[in-house]
Amino acid sequence: MKLVDKILVICISLAILGAGGAMAEPSSSEPHTHSAPSRGFEQLEQPLGVKVAVTLGGLALMGWELWWFLGQRDPSD
């Protein structure tokens with residue numbers, strides 16, 4: 001297994017393990033600090049399929065970038 005492949009596997013593994021904490025839902029026991037309704041941004045829940053597609057697309061782009069910079073070396077190096 002080449003170094004680039006090992007780095008890619010490590011990055012994907014860390015992203016998958018880190019996604020578990022990002023998917024945790026906030027607890028409802030936290031008190032709200034605003035007494036009046038705010039006119040700021042409203043949080044929209046995205047479908048799971050969209051979240052997975054965006055995550056996989058980002059990981060694929062990061063892997064491709066790592067391959068591009070680390071794997072594209074001249075054989076003479």
Side-chain angles (χ1 to χ4, degrees):
M1 191 178 226
K2 293 193 293 186
L3 177 64
V4 175
D5 295 335
K6 289 181 183 180
I7 292 173
L8 184 60
V9 168
I10 290 171
C11 289
I12 291 174
S13 300
L14 289 175
I16 290 171
L17 291 174
M23 296 176 111
E25 295 184 20
S27 64
S28 60
S29 64
E30 296 179 11
H32 295 286
T33 57
H34 301 289
S35 58
S38 65
R39 297 201 175 259
F41 291 105
E42 184 177 326
Q43 183 176 0
L44 298 175
E45 185 63 30
Q46 297 294 325
L48 183 61
V50 173
K51 291 180 183 180
V52 169
V54 170
T55 301
L56 291 177
L59 289 173
L61 287 173
M62 285 186 281
W64 179 74
E65 187 176 352
L66 284 171
W67 172 81
W68 179 262
F69 287 111
L70 299 176
Q72 294 286 329
R73 298 198 178 197
D74 294 334
S76 61
D77 286 342

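Numbers here simply count residues along the sequence, with the first being 1.
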Honestly curious: do L70 and W64 fall in one hydrophobic cluster under the side-chain, below-4.5 Å linking rule?
yes
Exercise: identify the closest heavy-atom pair between E45 and K51
OE2-NZ, 2.9 Å
Does one hydrophobic cluster hold both L48 and V50, with members joined at side-chain heavy-atom distances below 4.5 Å?
no
